[in-house]
Amino acid sequence: MEVVRSLAQLKSALLPYRNARASIGFVPTMGALHAGHLSLLTHAKAHMDCSVVSIFVNPKQFGPKEDFANYPRQEEQDLALLAQHQATIVYLPEAQEIYPPNHQTSITIKGLSERWCGENRPGHFDGVALIVTKLLLQVLPQRAYFGEKDFQQLVIIKRLVTDLNLPVDIEGVPTLREESGLALSSRNAYLSPKERLIAPQLYRTLLQIKESLLKGGDPVESCTLAREELLLKGFEGVDYVGVCHPETLEPLPFLQGEARILAAVRLGKCRLIDNLPIFTQ
Ligand code: AMP
């Protein structure tokens, strides 16, 4: 495994693979790696000759009151995990490699970025779009892997890649969960032991919504009920619970075909998000 910290080093590490026309798979992360991140790497390794993992805590996707300063950083442990899982190249860029002095360019994906998480985290998806575009152009992989855990992010990145004709395939990877059902997340580290008992109720509530919808329940009514239940179960706030079209992310008043159930809740220092696919005839 080769560890590189500058764009120049990244380019020379990738050169032999490019010269050999080897396929390059890319997994962008913010570190504090867990089995969810590693499953993206496993997908990349299964299909591509060279797997590149980046670790960069991107300041531009955090709001002024969010947890950029406290976001878990554990480089040594991450590198050990990536070596164990045989990543080919790990890219740990310095901030100046990513954001040169006087940079002025931004990317906004209107509509898709404005709803759901976008309402509670203004500017977040602009920050995501910019870093993902920059990393894709630096690594130039044939395929990049993103978790369905961040479903809105995945949809936005697919839109971005299509709209800008970026020469890369985007592959979504299913969410990895703890046995309790809680979706793995670096931010789960913020949960207290008491909150850890409450957190899995988010997934269970999504399953209940799915069950009710499959029995013909109304999406809006089911989500209103679920919101009340989440609060009763101990979550301190519910940013949203909704059922949407899986590509436009528009709320669906009734179900036909594919849809996605999405939710974001507050618990202690954590904001937890989760989602589930649903298909109705
Ligand atoms: P992050 O480090 O949180 O920015 O996540 C990096 C990538 O890992 C993103 O594509 C996430 O969607 C993905 N990811 C995070 N948690 C999970 C999970 N539990 N299962 C699958 N993928 C995940």
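Counting convention: from 1, in listed order, for ligands and their atoms alike.
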K.L.:
So, are D78 and R73 salt-bridged, with charged N and O less than 4.0 Å apart?
P.N.:
no

K.L.:
Check whether any heavy atom of H34 sits under 4.0 Å from an atom of ligand 1.
P.N.:
yes

K.L.:
Before signing off on this row, confirm whether V173 and ligand 1 have an N or O atom pair separated by under 3.5 Å.
P.N.:
no

K.L.:
Test your reading of the structure: does E148 have an N or O sitting under 3.5 Å from an N or O of ligand 1?
P.N.:
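In fact, backbone or side chain, E148 has no N or O that close.
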
K.L.:
Is any N or O atom of L184, backbone or side chain, closer than 3.5 Å to an N or O atom of ligand 1?
P.N.:
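Yes.
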
K.L.:
Measure the spacing between CG of L272 and CD1 of I198 and express it to the nearest 0.5 Å.
P.N.:
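One finds 10.5 Å between CG of L272 and CD1 of I198.
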
K.L.:
Check for me whether the distance between the ring centres of F26 and Y91 falls short of 6.0 Å.
P.N.:
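Not close enough - the centres of the two rings lie 6.0 Å or further apart.
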
K.L.:
Is the contact between S186 and ligand 1 made by the side chain, the backbone, both, or neither, using heavy atoms and a 4.0 Å cut-off?
P.N.:
neither

K.L.:
How far is atom 1 (P) of ligand 1 from its nearest protein heavy atom, and which residue and atom is that?
P.N.:
H37 NE2, 3.6 Å

K.L.:
Taking R121 for its side chain and F62 for its backbone only, find out whether a donor-acceptor pair lies under 3.5 Å.
P.N.:
no

K.L.:
Would you kindly specify which portion of L154 sits under 4.0 Å from ligand 1, judged on non-hydrogen atoms: side chain, backbone, both or neither?
P.N.:
neither

K.L.:
For the side chain of D218 and the backbone of E221, is there at least one donor-acceptor N/O pair under 3.5 Å apart?
P.N.:
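Yes; judged by distance alone, with no hydrogens or angles, the pair exists.
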
K.L.:
Would you say the side chains of T108 and D126 form a donor-acceptor pair under 3.5 Å?
P.N.:
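Short answer, yes.
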
K.L.:
Give the residue, atom name and distance (to 0.1 Å) of the protein heavy atom nearest atom 20 (N) of ligand 1.
P.N.:
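Minimum-distance protein heavy atom for atom 20 (N) of ligand 1 reads L176 N, 2.8 Å.
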
K.L.:
Do L255 and L252 have side-chain heavy atoms sitting under 4.5 Å apart?
P.N.:
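With C-beta onward as the side chain, the pair touches.
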
K.L.:
Taking the side chain as C-beta and beyond, is there a heavy-atom pair between L92 and V4 under 4.5 Å?
P.N.:
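L92 vs V4: side chains apart.
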
K.L.:
Consider every N or O of P28 and every N or O of ligand 1, then say whether any pair is closer than 3.5 Å.
P.N.:
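For ligand 1, there is no N or O atom that lies under 3.5 Å from one belonging to P28.
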
K.L.:
For atom 12 (O) of ligand 1, what's the nearest protein heavy atom and its distance?
P.N.:
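Of the protein heavy atoms, D150 OD2, 2.6 Å lies nearest.
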
K.L.:
Which option, G147, A35, S185, owns the non-hydrogen atom nearest atom 13 (C) of ligand 1?
P.N.:
G147

K.L.:
Can an N or O of M30 be found at a distance shorter than 3.5 Å from an N or O of ligand 1?
P.N.:
yes

K.L.:
If you measure from each non-hydrogen atom of K149 to ligand 1, which part falls under 4.0 Å: side chain, backbone, both or neither?
P.N.:
side chain

K.L.:
Does a side-chain N-to-carboxylate-O contact under 4.0 Å join E236 and R266?
P.N.:
no

